[in-house]
Amino acid sequence: MDQTTAPPLRWGLLGAGRITEGALIPALRAQGAALVAIGCRDAARGQDYAQRHGIPHALSYADLLAREDIDAVYIGLHNSAHLPWTLAALAAGKHVLCEKPLALDAGEVRRMQQAQAASGRLVHEAFMYRYHPQIERLCALVHGGELGELQAMRGAFGFRLDRAQDSRWDPTLGGGALYDVGCYPLSLMRLLTGARPQVHDVRARRGGQGVDVLAHVVLGFGEVLGHFDCGFSLPALDAYFEVIGTRGSARLTHPFLAKGIETELVVRIGETQRTERFAAVDPYRLMVAHFERAVRGHAALRWGLDDALEQAEALDAIFARLQWSEAR
Ligand SMILES: NC(=O)c1ccc[n+]([C@@H]2O[C@H](COP(=O)([O-])OP(=O)(O)OC[C@H]3O[C@@H](n4cnc5c(N)ncnc54)[C@H](OP(=O)(O)O)[C@@H]3O)[C@@H](O)[C@H]2O)c1
């Protein structure tokens, strides 16, 4: 049975939160998925959310996982809830699409690997940016040789977090800018080089309830240098990513958040410059489509827990080198 004639995959969503509402529900709907239930800590809020989105059931997380008419769950919870609910979902026989960062450290990913091996289900870290065609094009440019030998990569991802109540401010909930947004340029640097980073330097400003609210990271991927900054104390949304070769460079103007907008890759070779344009797409939908194909056995998951483990190990190494920037 192909994707068009197969019955829709049946989904449960854990957490009646923002990204679920703004990105995943529209992507799943566009993909023709069946949204069976929303899981929410608060029954009344869950009912309201379910009603607004036309989801038949609002349940506790545990009751959602106990349902037999759910094949896959999307975990859109704060970061420290990713491990326990991924393990619970696997134990209940569900496939798992979980938000980034999948885990708070490499040890958590290893626990997921064991649980996954026992369950035979899939776990995918929801780095939706990788499904945008501009990323494949950037990889092709870097590996095709037009830019010469890759020397350096640089990037940024930051925004202004104004909400006083948000798990991102709280270290006990997996808060901080490196987990929230720094993970994206790190992930893209790993994708482009296929290498593990050496961590040269990490500086961060402390804020909120003791998390990194602004961080600068300097890495080495073999001979290739990489640096990025990230934060949620910036005046406004700020993101770019650039690769620099011995012959030329290429810069993405919207590397990470690129849903529904035309995007550009500016390529400079010597004195010449061209702009490659990409039509608006929904990377979340492309991610869901790939995940569903993998669940149905029609494709191998492009990035599994091995990739998530390397990402978590790289983040562990970054946190191990972090120096707070305040004066002593
Ligand atoms: N891929 C992307 O583009 C993208 C964008 C933004 C965020 N994210 C990731 O998505 C996840 C959720 O982010 P979000 O902005 O959507 O979060 P959010 O709306 O603040 O929270 C999501 C859910 O987590 C639970 N939660 C939040 N704070 C909690 C607390 N203090 N105690 C217990 N439960 C709490 C709540 O579940 P209940 O509804 O059950 O109460 C809430 O609805 C994070 O891992 C984040 O890194 C990804």
Side-chain angles (χ1 to χ4, degrees), residues 12 14-15 39 61-62 65 71-130 167-168 170-199 202 211-212 215 217 219-222 226 230 287 290-291 294-295 297 299-322:
L14 290 190
Y61 302 165
L65 293 182
D71 307 304
V73 295
Y74 164 70
I75 300 179
L77 299 170
H78 59 287
N79 299 338
S80 65
H82 294 177
L83 173 71
W85 291 105
T86 294
L87 296 183
L90 288 172
K94 314 302 184 198
H95 298 281
V96 178
L97 176 63
C98 178
E99 267 308 335
K100 42 50 66 178
L102 177 65
L104 297 181
D105 60 38
E108 290 195 354
V109 183
R110 290 194 192 93
R111 290 180 62 189
M112 291 180 190
Q113 284 178 316
Q114 285 169 356
Q116 184 188 36
S119 75
R121 297 295 188 264
L122 298 183
V123 181
H124 192 39
E125 184 170 28
F127 267 125
M128 77 314 179
Y129 84 90
R130 292 189 287 206
S167 66
R168 289 165 181 81
D170 187 341
T172 67
L173 299 175
L178 282 162
Y179 278 141
D180 192 46
V181 273
C183 62
Y184 286 89
L186 172 66
S187 163
L188 182 48
M189 288 176 185
R190 291 180 43 253
L191 180 66
L192 286 166
T193 59
R196 293 167 185 270
Q198 216 193 331
V199 182
V202 184
V211 298
D212 53 296
V217 177
L219 304 169
F221 294 81
C230 61
M287 171 180 69
H290 174 68
F291 183 73
V295 165
L301 201 55
R302 286 180 72 187
W303 296 282
L305 285 181
D306 288 352
D307 175 74
L309 180 62
E310 281 196 25
Q311 173 78 6
E313 285 172 343
L315 272 172
D316 283 353
I318 286 172
F319 283 117
R321 288 295 297 268
L322 188 154

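Heavy-atom basis, side chains included; hydrogens, waters and symmetry copies ignored.
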Closest heavy-atom pair, Ser187 versus Arg130, reported as atoms and distance to 0.1 Å, is OG-NH1, 4.0 Å
Notebook entry, point to check: Does a side-chain heavy-atom distance below 4.5 Å link Tyr61 with Leu77?
Noted result: yes
CD1 of Ile75 to CH2 of Trp85, rounded to nearest 0.5 Å, is 9.0 Å
Review point. Quick one: are Leu191 and Phe127 in side-chain contact, heavy atoms under 4.5 Å?
Key: no
#### Entry: Non-hydrogen side-chain atoms of Leu186 and Val217 separated by less than 4.5 Å
no
Rounding to 0.5 Å, atoms CG (Asp180) and CG (Asn79) come to a distance of 6.5 Å
Correct closest heavy-atom pair for Phe221 and Ala195 would be CD2-O, 3.6 Å
Test log, rule side chain to side chain contact (heavy atoms under 4.5 Å, CB included), inputs Tyr184 and Leu188 = CA-CA 6 Å; Tyr184 286 89; Leu188 182 48; over 6 Å; no
To the nearest 0.5 Å, atom CD of Gln114 lies from atom CG of Leu305 at 11.5 Å
request  = Please tell me if the side chains of Arg111 and Leu87 come closer than 4.5 Å, counting only heavy atoms from C-beta onward.
outcome  = yes
Nearest heavy-atom contact between Tyr179 and Lys100 is O-CE, 4.2 Å
The reported gap from CZ in Phe291 to CG in Leu122 (rounded to nearest 0.5 angstrom) is 5.5 Å
Q | Main-chain N/O of Gly220 paired to Gln198 side chain as donor or acceptor, under 3.5 Å | A | no
Taking the side chain as every heavy atom from C-beta outward, state whether Thr86 and Gln116 have any atom pair closer than 4.5 Å. no
Separation between CG (Leu219) and CZ (Arg190), nearest 0.5 Å, reads 11.5 Å
Any donor and acceptor pair, going by atom type alone, linking the side chain of Arg121 with main-chain N or O of Leu90 inside 3.5 Å? no
Review point. Ignoring hydrogens and geometry, is there a side-chain-to-backbone donor-acceptor pair from Asp212 to Ala177 under 3.5 Å?
Key: yes
Exercise. Counting only N and O atoms by type, is there a donor-acceptor contact under 3.5 Å from the side chain of His124 to the main-chain atoms of Trp303?
Worked result: yes
* Can you check whether His290 reaches Leu301 side chain to side chain, under 4.5 Å on heavy atoms? -> yes
Quiz item: Are any of the side-chain heavy atoms of Glu99 and His82 separated by less than 4.5 Å?
Solution: yes
Item to check | Residues Val123, Gln113; criterion side chain to side chain contact (heavy atoms under 4.5 Å, CB included); working and verdict | outcome: CA-CA 9 Å; Val123 181; Gln113 284 178 316; over 6 Å; no
**Study point:** Full working for side chain to side chain contact (heavy atoms under 4.5 Å, CB included) between Ser80 and Thr172
**Key:** CA-CA 7 Å; Ser80 65; Thr172 67; over 6 Å; no
Interatomic distance, CE@Met287 vs OH@Tyr74, rounded to 0.5 Å, equals 7.0 Å
Heavy atoms of Ala126 and Leu97 approach each other most closely as CB-CD1, 3.9 Å
Correct closest heavy-atom pair for Asp170 and Val211 would be C-CG1, 3.8 Å
Ala89 and Leu65 have their tightest heavy-atom pair at N-CD1, 3.7 Å
Less than 4.5 Å apart, any side-chain heavy atom of Glu310 and any of Asp307? no
